[in-house]
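Read through the structure below, which is laid out as structure tokens, and then see the notes.
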Amino acid sequence: MTDLPQKTGWNPDDYRIARRKMVELQLKKRGIRDARVLETMFRVPRHLFVDEAMAAQSYSDSPLPIGHGQTISQPYIVALMVEALNLKPSDKVLEIGSGSGYQTAILAALAGEVFGVERLEAIYQRGRENLQRLGSANIHLKLDDGTLGWPENSPYDAIVVAAGGPKVPQPLVDQLAPGGRLIVPVGPTEKSQQLTLVTKDPQGVISRTPLADCRFVALVGHHGW
Ligand code: SAH
């Protein structure tokens, strides 16, 4: 992927330096180890997924607003979730809450095909434009309630939910392939959630492992808030 020109006064080298620092200080220092994940986080230009006015902050250690009360996730949280998915280049991935498209681009670089679902139309359009500019061919997006999954293309080797709900949406568990991994923030309120790894073994047995405390925007939908 290449850096496109921006009006911040920063040149592509400045962005590359900021990304290198992000990888070293925010990801490696906090325990992200997977070399493919680290390399991809270094390559994908996060500044192209936020408003130009915020491009200079785009490698900071925090989520940033993308409009309509939503945020582009903090780089560390994206890396943590993507690393836990343990993606293979042939994997089919479902992403709920594709938002700006940033995490979608990371997933598309690491997996075979990515299906992204976003429920807010303005954000969906923006995410689609962002991803078209980068030209990833293996991304499919739809505007819908992602708590219902995307049954037509199931089963998925990996599913990631970028918004937090009261429980693990059952349709997502149903659409997970044997051997599949699902990462989803779950919690009793919108303010306190646990990033949860749900796995389905080759016999179809489901296990749940808590990964970290976290705070995501609300998963709004049939199986969400
Ligand atoms: N990965 C995105 C995160 C965006 S924030 C990024 O880094 O840009 C979470 C997104 O989830 C928001 O855009 C929100 O609109 C969306 N969302 C919330 N509930 C949803 C649902 N039921 N289906 C699909 N998207 C949903």
Side-chain angles (χ1 to χ4, degrees), residues 22 26-27 37 40-41 44-51 54-55 57-85 93-111 114-134 136 139-151 153 156 158-173 175 182-187 190-191 193 195 214-225:
M22 172 191 90
Q26 300 173 33
L27 309 186
V37 172
T40 303
M41 297 285 298
V44 174
R46 181 173 158 92
H47 61 281
L48 299 183
F49 293 85
V50 300
D51 277 346
M54 263 180 313
Q57 287 153 262
S58 56
Y59 298 102
S60 62
D61 192 14
S62 61
L64 292 172
I66 54 172
H68 307 270
Q70 309 304 318
T71 55
I72 178 172
S73 306
Q74 181 189 8
Y76 171 66
I77 291 293
V78 173
L80 187 68
M81 293 200 292
V82 172
E83 185 174 62
L85 289 176
V93 183
L94 176 66
E95 182 195 34
I96 308 306
S98 46
S100 68
Y102 173 65
Q103 180 173 262
T104 324
I106 306 265
L107 295 168
L110 291 164
V114 180
F115 295 85
V117 186
E118 170 56 52
R119 68 176 277 274
L120 291 179
E121 177 150 25
I123 291 189
Y124 163 80
Q125 294 298 355
R126 192 65 189 280
R128 173 178 285 277
E129 281 164 27
N130 289 341
L131 290 166
Q132 269 167 1
R133 277 200 293 176
L134 294 177
S136 312
I139 295 176
H140 316 269
L141 296 177
K142 95 164 166 165
L143 177 66
D144 208 342
D145 172 7
T147 67
L148 301 169
W150 192 338
N153 305 302
Y156 300 96
I159 301 178
V160 58
V161 185
K167 58 183 189 303
V168 178
Q170 188 57 38
L172 302 186
V173 178
Q175 291 171 35
L182 160 64
I183 306 275
V184 52
V186 180
E190 287 181 24
K191 293 195 172 61
Q193 300 144 7
L195 202 55
C214 59
R215 188 173 169 179
F216 280 78
V217 299
L219 180 69
V220 179
H222 199 82
H223 298 269
W225 294 109

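Indexing begins at 1, ligand by ligand and atom by atom, following the structure's order. Position 1 is the first residue of the sequence; numbering continues from there.
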Handout entry: Interatomic distance, Met81 atom CE to Gln103 atom CD [nearest 0.5 angstrom]
Key = 4.0 Å

Handout entry: Parallel, tilted or perpendicular: ring planes of Phe115 versus His140, cut at 30 and 60 degrees
Key = parallel

Practice task
Among residues two or more places apart or on two chains, list those pairs meeting side chain to side chain donor-acceptor pair (under 3.5 Å) that have a residue in residues 216-225.
Solution key: none

Would you mind writing out a table of all protein N or O atoms found under 3.5 Å from any N or O atom of ligand 1, naming both atoms and giving the distance to 0.1 Å?
residue, atom, partner, partner atom, Å
ligand 1, 1 (N), Gly97, O, 3.3
ligand 1, 7 (O), Ser73, N, 3.2
ligand 1, 8 (O), Ser100, N, 3.0
ligand 1, 8 (O), Ser100, OG, 2.6
ligand 1, 13 (O), Glu118, OE1, 2.7
ligand 1, 13 (O), Glu118, OE2, 3.2
ligand 1, 15 (O), Glu118, OE2, 2.6
ligand 1, 19 (N), Val220, N, 3.0
ligand 1, 22 (N), Asp145, OD1, 3.0
ligand 1, 22 (N), Val220, O, 2.7
ligand 1, 23 (N), Gly146, N, 2.7
ligand 1, 25 (N), Arg119, N, 3.3

Show me, pair by pair, the donor-acceptor contacts under 3.5 angstrom made by side chains of residues 61-69, not counting sequence neighbours?
residue, atom, partner, partner atom, Å
Asp61, OD1, Arg30, NH1, 3.3
Asp61, OD1, Arg30, NH2, 3.4
Asp61, OD1, Gln74, NE2, 3.0
Asp61, OD2, Arg30, NH2, 2.5
Ser62, OG, Ser60, OG, 3.4

Problem - Set of residues satisfying side-chain hydrogen bond (donor to acceptor under 3.5 Å, both in side chains) with respect to Lys167, sequence neighbours excluded - result: none

Practice task
Taking all non-hydrogen atoms of both residues into account, name the closest pair between Ala111 and Val93 and its distance.
Solution key: CB-CG2, 3.5 Å

